Amino acid sequence: MATFLELGLKEEIKKALTDLGYEKPTVIQEKAIPQVIASTQDLKAFAQTGTGKTAAFSLPILEQIDADSKQTQAVILSPTRELAVQIGNNIKDFSKYLPNVKVTTVYGGANIEEQIRSLKKGSQIVVGTPGRTVDLIKRRALKLGNIRWVVLDEADEMLNMGFKDELDQVLDVTPEDKQTLLFSATFPREVEAIAANYMHNPIEVSSGQKNEGSNDVTHQFYLVNERTRYPALKRIADVNTNIYAIVFCRTRRETQEVANNLIKDGYNADALHGDLSQAQRDSVMEKFRKKNIQILVATDVAARGLDVNNLTHVINHKLPDQIENYTHRSGRTGRAGNKGVSIALVNNKDKGKLRPIERIIKKKFVQTPIPSGKEICQNQLMHLIDKVQNSEVNESQIEEFLPNIYEKLSELSREELIKKFVSLEFNSFLSYYENAEDLNNLSSKRDSSGRGRSDSENMTRFFINIGRKDSLNPARLIGLINDQRITDNIEIGAIDILDTFSFFEIDKNFETAALAAFEANEPEFSGRSVNIEITKKERSGGGRRRGGDRGRRRNSDAKSGFGRKRKDANDSSGRRRSSGSTDNRAKDKRTGGFGRRRRKR
């Protein structure tokens, strides 16, 4: 493996890297750095989280930057504030011995006037989130006419978060002869489309196969139901005595509920999600980096930019809505040469979602039984004994107390002393798991979790008459919902995008407001009028609805719930809906509504 000096980097950069403890380049650095230095050809780079991609794109830029010019020469876009700040700080560290090189980091939620003042002083490198970068361009504070490099970092995540329009606006105002460097952990169609539209004959480098999971990560799944999901999470935490993990949840509410439950049960845990202020987010992240928090419960977006190299586990409390996000989640562990475990808690219904993930990461999930109480006690007890065995004794501190201690314990044999020590330290743990049930038996209907309703019961599921064939994706659907201004910071849950229609969940407290907003605004999408309807949750019991319940009309003129007429047996595009959708909804031609098959719980 080459050294950084052999990659063509100047001595000042090499000296800064040595100060930072960098010894040998990673695979992506070894491939990308000399390529960017030697050629102006555009670059597509596949790089998993934790492979050193910030250095891979920033070091060759620093090597070639014109430090005597104060014009902005490189703009680096990243999906979140945290990641932008991290990249900006890294570049400042790398340019420690290049005093004339200035870096400005721009992002929403901070004082824009201060950012404008920094830009006016002159910054050769600007790192920013897409939204704030576009805002500064519109204010004429950020001028990209002399840009030599555009870096799209975490391109797949920026598109997942709905930043395509902002990326288009930034790229549209940059020179044709710039060098575009695109870094992404996965390469879905949308990322390939960006590459096709804005890159010219790019060369492709990779630190592994596209979209493939890291070889340092083991993938496991535990079969649960809603009753056993949280108890299973606790047992996974208990059986892994040195756990240092991120638990990923799909919604902010789910994140906060899981974190609150863990805290109540005595775990060093906290939540990280979009409802926290920036000061709260910074505080939580700092505690987690220092390991004052062992288990961080987070949403996908909130965890972006969290730079932690020694996570032991990533736990998917529920699988992500987009399977590509699993790669991002699992990539948080197994970094910097460490081994890690990625765990998915899945029910029987979601078990089938593992197969497409396996195809993407080219790894197999191993089904693992939920640990028994005996197994947990064995691990915890041996961990305690190991701590005692490896503890250092400071003779000078305890010497004066030892005679009295020896006299007090003189009547106890070695065996009795060990028994009393173990009982004192471990009785509460043993009592807790003394009669622990087998959580691998999912047939029991008793709710032993001690928790309230599941997250899905706090959400209302809606049908919407647009889908994949209308170019709908989760990011665009979220944008469409937000455009209706139902309320500030509305909670959006599971999203299912199908060919000609889709489903989404929102906080059930706003179901009436959502219906009213869509009715009042009469939105259109890709030239089609948009309709939404509530998908009612079924009560327990099997079979189809019978008699009057199934035949009940919503109203006499067969209108939908918010007053729009619908075509018999067809959606608004004239295409017949499939009766075999994943939600088992079949068009009921008699009512203009939907007859629904019951699901057994």
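Predicted, not measured: the structure shown is a model, and the values here were computed from it.
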**Student:** Could you grab the distance from atom CG of Leu472 to atom CD1 of Ile464, nearest 0.5 Å is fine?
**Tutor:**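 With rounding to 0.5 Å, CG (Leu472) is 7.0 Å from CD1 (Ile464).
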
**Student:** Can Arg281 and Val284 be said to form a side chain to side chain contact (heavy atoms under 4.5 Å, CB included), step by step?
**Tutor:** CA-CA 5 Å; Arg281 289 159 65 93; Val284 170; 5.9 Å; no

**Student:** One thing to verify: whether Asp496 and Arg461 come together as a salt bridge, which I'm taking to mean a side-chain N less than 4.0 angstrom from a carboxylate O.
**Tutor:**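 Between Asp496 and Arg461 there is a salt bridge, with a charged N closer than 4.0 Å to a carboxylate O.
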
**Student:** Kindly compute the distance separating CD1 (Ile61) from CZ (Phe94), expressed to the nearest 0.5 Å.
**Tutor:** 11.5 Å

**Student:** Thr129 and Gly108: which non-hydrogen atoms are nearest, and at how many Å?
**Tutor:**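 Closest heavy-atom pair between Thr129 and Gly108: OG1-N, 3.9 Å.
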
**Student:** Is the closest side-chain donor-acceptor distance between Gln115 and Arg132 under 3.5 Å?
**Tutor:**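 Indeed, the side chains of Gln115 and Arg132 share at least one donor-acceptor pair under 3.5 Å.
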
**Student:** How long is the gap from CD1 on Ile497 to CG on Asp470, to the nearest 0.5 Å?
**Tutor:**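 Between atom CD1 of Ile497 and atom CG of Asp470 there are 10.0 Å.
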
**Student:** For Leu296 and Ala271, which heavy atoms make the closest approach, and how far apart are they?
**Tutor:** CD1-C, 4.4 Å

**Student:** More than 12 heavy atoms of other residues, nucleotides or ligands under 6.0 Å from NZ of Lys15: is that the case?
**Tutor:**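 Result for NZ/Lys15: open.
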
**Student:** Does the side chain of Leu515 come within less than 4.5 Å of Glu511's, by heavy atoms?
**Tutor:** no

**Student:** For the side chain of Glu522 and the backbone of Ser529, is there at least one donor-acceptor N/O pair under 3.5 Å apart?
**Tutor:**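 Pair absent, no side-chain N/O of Glu522 close to backbone of Ser529.
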
**Student:** Given side chain to side chain contact (heavy atoms under 4.5 Å, CB included), test Ile87 with Val151 step by step and report yes or no.
**Tutor:** CA-CA 11 Å; Ile87 292 170; Val151 180; over 6 Å; no

**Student:** Does a side-chain N-to-carboxylate-O contact under 4.0 Å join Glu113 and Arg117?
**Tutor:**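 So Glu113 does not pair with Arg117 through a salt bridge.
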
**Student:** Can you name the ring pair (Phe, Tyr, Trp, His ring centres under 6.0 Å) partners of Tyr198, sequence neighbours left out?
**Tutor:** none

**Student:** Verify, without hydrogens or angle tests, whether Gln280 (side chain) and Leu276 (backbone) share a donor-acceptor contact under 3.5 angstrom.
**Tutor:**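 Checking the backbone N and O of Leu276 against the side chain of Gln280, no donor-acceptor pair under 3.5 Å is found.
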
**Student:** Quick one, Ile357 with Leu319, criterion side chain to side chain contact (heavy atoms under 4.5 Å, CB included). Give me CA distance, side-chain angles, the key distance, then yes/no.
**Tutor:** CA-CA 10 Å; Ile357 294 175; Leu319 290 173; 4.2 Å; yes

**Student:** Is the closest side-chain donor-acceptor distance between Thr104 and Ser123 under 3.5 Å?
**Tutor:** yes

**Student:** So which atom in Glu63 and which in Lys10 form the shortest heavy-atom distance, rounded to 0.1 Å?
**Tutor:**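 Residues Glu63 and Lys10, closest heavy atoms: OE1-N, 2.6 Å.
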
**Student:** Measure the CG-CD distance between Asn521 and Gln484 for me, rounded to the nearest 0.5 Å.
**Tutor:** 4.5 Å

**Student:** Are a donor atom and an acceptor atom from the side chains of Tyr326 and Ser342 found within less than 3.5 Å of each other?
**Tutor:** yes

**Student:** Could you check whether any side-chain N or O of Glu505 sits under 3.5 Å from a backbone N or O of Ala494, counting only pairs where one atom can act as donor and the other as acceptor?
**Tutor:** yes

**Student:** Tell me whether Lys287 is salt-bridged to Asp270, with the criterion being a basic N under 4.0 Å from an acidic carboxylate O.
**Tutor:**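 Answer for the salt bridge query: no.
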
**Student:** Would you say that more than 12 heavy atoms from the other residues, nucleotides or ligands in this model lie under 6.0 Å from the CZ of Arg468, or not?
**Tutor:**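 Yes, enclosed.
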
**Student:** Taking all non-hydrogen atoms of both residues, which atom of His317 and which atom of Val247 are closest, and how far apart?
**Tutor:**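 That closest heavy-atom pairing would be CB-CG1, 3.9 Å.
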
**Student:** So, does Ser95 use its side chain to make a donor-acceptor pair with the main chain of Leu98 at under 3.5 Å?
**Tutor:**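 Not confirmed, Ser95 side chain does not pair with Leu98 backbone.
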
**Student:** For the residue pair Leu17 and Leu9, establish whether any side-chain heavy-atom pair is separated by less than 4.5 Å.
**Tutor:**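 Yes; the side chains approach each other to less than 4.5 Å.
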
**Student:** Got a second to check how far Asp216's CG is from Ser330's OG, nearest 0.5 Å?
**Tutor:**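 With rounding to 0.5 Å, CG (Asp216) is 11.5 Å from OG (Ser330).
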
**Student:** Donor-acceptor pair, distance only, cut-off 3.5 Å: does the side chain of Glu166 make one with the backbone of Val134?
**Tutor:**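 Absent.
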
**Student:** Apply side chain to side chain contact (heavy atoms under 4.5 Å, CB included) to Thr312 and Thr333, showing your working.
**Tutor:** CA-CA 6 Å; Thr312 60; Thr333 187; 5.7 Å; no

**Student:** For His328 and Arg332, work out which heavy atoms get closest and say how close.
**Tutor:**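 That would be O-CD, 3.5 Å.
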
**Student:** Measure from the side-chain N and O atoms of Asp42 to the backbone N and O of Thr180, and report whether any donor-acceptor pair falls under 3.5 Å.
**Tutor:**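 Looks like yes, one N/O pair under 3.5 Å.
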
**Student:** Tell me, do Pro523 and Asp483 make a side-chain contact under 4.5 Å, heavy atoms counted?
**Tutor:** no

**Student:** Between Asp300 and Phe248, is there a side-chain heavy-atom distance shorter than 4.5 Å?
**Tutor:**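 Result yes, sub-4.5 Å side-chain heavy-atom pair found.
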
**Student:** Within this structure, what is the CD-CD distance for the pair Gln179 and Gln64, rounded to the nearest 0.5 Å?
**Tutor:**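 CD of Gln64 is found 7.0 Å from CD of Gln179.
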
**Student:** Measure the shortest side-chain to side-chain distance between Phe183 and Leu43 over non-hydrogen atoms and say whether it is less than 4.5 angstrom.
**Tutor:** yes

**Student:** Please check this pair: side chain of Thr18 against backbone of Lys14, looking for a donor-acceptor N/O pair closer than 3.5 Å.
**Tutor:**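 Judged by distance alone, yes, a pair lies under 3.5 Å.
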
**Student:** Could you tell me which residues satisfy side chain to side chain contact (heavy atoms under 4.5 Å, CB included) with Val341, sequence neighbours excluded, listed by chain and number?
**Tutor:**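 Checked Val341 against side chain to side chain contact (heavy atoms under 4.5 Å, CB included); matches are Gln220, His313, Ile343.
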
**Student:** Check Gly52 against Gln29 and note the closest heavy-atom contact, atom names and distance.
**Tutor:** O-NE2, 2.9 Å

**Student:** Decide if atom NZ of Lys178 counts as having more than 12 heavy atoms of other residues, nucleotides or ligands within a radius under 6.0 Å.
**Tutor:**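 Yes - once you tally the heavy atoms of other residues, nucleotides and ligands closer than 6.0 Å, there are more than 12.
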
**Student:** Within the side chain of Tyr244, is there an N or O that forms a donor-acceptor pair under 3.5 Å with the backbone of Phe288?
**Tutor:**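 Here the side-chain-to-backbone pair exists.
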
**Student:** Taking side chain as C-beta onward, heavy atoms only, is Thr133 less than 4.5 Å from Val126?
**Tutor:**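 No, side chains not in contact.
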
**Student:** Mind checking whether Asp93 and Lys96 have side chains closer than 4.5 Å, heavy atoms only?
**Tutor:** no

**Student:** Just to verify, what does Phe525 make a ring pair (Phe, Tyr, Trp, His ring centres under 6.0 Å) with, not counting sequence neighbours?
**Tutor:**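 For Phe525 there are no ring pair (Phe, Tyr, Trp, His ring centres under 6.0 Å) partners, ignoring immediate neighbours.
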
**Student:** Is there a side-chain contact between Ile478 and Ile495 in this structure, where contact means two heavy atoms from C-beta onward sitting under 4.5 Å apart?
**Tutor:** yes

**Student:** State plainly whether the residues Lys44 and Glu192 are in salt-bridge range, i.e. N to O under 4.0 Å.
**Tutor:**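 Between Glu192 and Lys44 there is a salt bridge, with a charged N closer than 4.0 Å to a carboxylate O.
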
